[in-house]
Amino acid sequence: MAQTAPSDDLDLPDDHPGVSDQAYRQRRAAIAAVGAAHRPGDPIPDVTYAPEEDEVWRTVSGKLAERHRAYACRAYLDGAAALALPTDRVPQLRLVDQRLWELARFHVRPVPGLVPTRVFYGSLADRTFLSTQYVRHHSVPLYTPEPDVVHEVIGHANMLANPAFADLYEEAGKASLRATTEDALAFFSKVFWFTLEFGVLWEDGELRAYGAGLLSSYGEIAAFRRAEVRPWDLAAMGTLDYDITHYQPVLFAARSFAHMLDALTVFFAAYDDDTPRRLLTHPV
Ligand SMILES: [Fe+2]
């Protein structure tokens, strides 16, 4: 699809690596326009990525793949192998969506940028992951201050290609819809953060990552074993504040993949406004 050059109304923070790069800002605006124009049910329009954007993908996906072999859990590696995304260029979401649907009956849909919390989680109930399409700034290919297509696709889509994770994301989405109060949504969001974004689990005597935030961060995936690793504790996860601008100093480990899957499935399936109170009174 041809991309127009819309006006640049990007709201990047002052310390964003691309904040004063006018060409980058224009690219971000053009890619956002593709996402904004998409309507559910229509084919996902392609983005024409620039050579430096494909170069960022080549660099990051190659370096992350090395670290995944050392630090990612088996279920993630299986999902990534099945999805088999290109490593030499940014994959089009149309391709990611098509393969994810074949593998795990999950959809990916483009969005121009961050969407409201309830919209993002709610879409998971419809087995749909809302994904940005823009690429982080090329000056720092191994760092992004915000979710970009590297985080969405290498972190989340590779997970979702495993049907067990796909079903878990759907349960999470349904749980979010039953959180009608802001307190209940906040507790749910924190558990999501400490599990599907930054979760770790024990596998063959080693701590391995299953969270998309860890799996898409070149620096943090090699550092997470130095964090304070606490045993599985949903009440603690749901009440612990976190800072998205630093490596997570505290992580929660499941005893195994099966433990994580069972415990989270039960938690999401039963989640409602009263769950935080019940958990804090009777921790499990
Ligand atoms: Fe994420």
Side-chain angles (χ1 to χ4, degrees), residues 16 31-32 35 56-57 60-61 64 67-68 71-73 75-76 79-80 83 85 90-91 93 96-97 100 104 106-136 142-162 164-173 175-176 185-201 209-221 223-224 227 237-238 240-248 251-252 260 264 268:
H16 190 285
I31 292 171
V56 167
W57 183 272
V60 185
S61 65
L64 277 176
R67 293 206 162 169
H68 288 158
Y71 298 110
C73 74
Y76 171 85
L83 198 56
L85 292 172
V90 187
L93 286 191
V96 179
D97 178 63
L100 261 190
F106 221 92
H107 279 302
V108 168
R109 294 281 176 258
V111 287
L114 285 176
V115 294
T117 307
R118 285 190 181 279
V119 174
F120 175 78
Y121 289 130
S123 72
L124 299 178
D126 296 326
R127 295 182 82 88
T128 299
F129 186 88
L130 300 180
S131 173
T132 57
Q133 287 175 290
Y134 61 82
V135 182
R136 61 195 57 189
L142 300 178
Y143 169 75
T144 178
E146 65 207 323
D148 69 341
V149 70
V150 173
H151 169 73
E152 320 278 36
V153 173
I154 294 184
H156 290 288
N158 279 337
M159 279 177 93
L160 287 165
N162 184 317
F165 276 127
D167 290 349
L168 193 55
Y169 273 66
E170 181 190 359
E171 283 298 340
S176 78
L185 188 68
F187 190 100
F188 162 86
S189 297
K190 288 181 175 182
V191 171
F192 191 99
W193 176 267
F194 284 110
T195 57
L196 296 178
E197 290 287 0
F198 285 89
V200 294
L201 54 81
Y210 69 92
L214 288 173
L215 291 162
S216 61
S217 168
Y218 181 73
E220 194 160 6
I221 196 174
F224 75 83
M237 292 182 209
L240 187 62
D241 288 330
Y242 58 83
D243 180 351
I244 63 168
T245 62
H246 295 100
Y247 289 176
Q248 299 306 300
L251 300 174
F252 293 90
M260 177 278 296
L264 272 187
F268 289 141

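For this chain, numbers begin at 1 and follow the sequence in order. Just so you know, ligand 1 is whichever comes first in the structure, and atom 1 is the first atom listed for that ligand.
- Counting only distance, with no hydrogens or angles, the side chain of Ser216 and the backbone of Ile154 share no donor-acceptor pair below 3.5 Å.
- Scanning for salt bridge (charged side-chain N to carboxylate O under 4.0 Å, His left out) contacts around Arg127 gives Asp167, Glu170, with sequence neighbours left out.
- Between the NE2 atom of His156 and the NE2 atom of His151, the angle taken at the Fe ion (ligand 1) works out to 90° after rounding to 10°.
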Determine all donor-acceptor pairs shorter than 3.5 Å in which one atom belongs to a side chain in residues 185-193; sequence neighbours excluded.
{"unit_1": "Ser189", "atom_1": "OG", "unit_2": "Leu185", "atom_2": "O", "d": "2.8"}
{"unit_1": "Lys190", "atom_1": "NZ", "unit_2": "Asp241", "atom_2": "OD1", "d": "2.7"}
{"unit_1": "Trp193", "atom_1": "NE1", "unit_2": "Gln248", "atom_2": "OE1", "d": "3.3"}

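- A donor-acceptor contact shorter than 3.5 Å is absent between the side chain of Ser217 and the backbone of Gly213.
- As for Glu197, its N/O/S atom nearest the Fe ion (ligand 1) is the one called OE2.
- Residue Glu152 does not count as close to the Fe ion (ligand 1), with no N, O or S atom under 2.8 Å.
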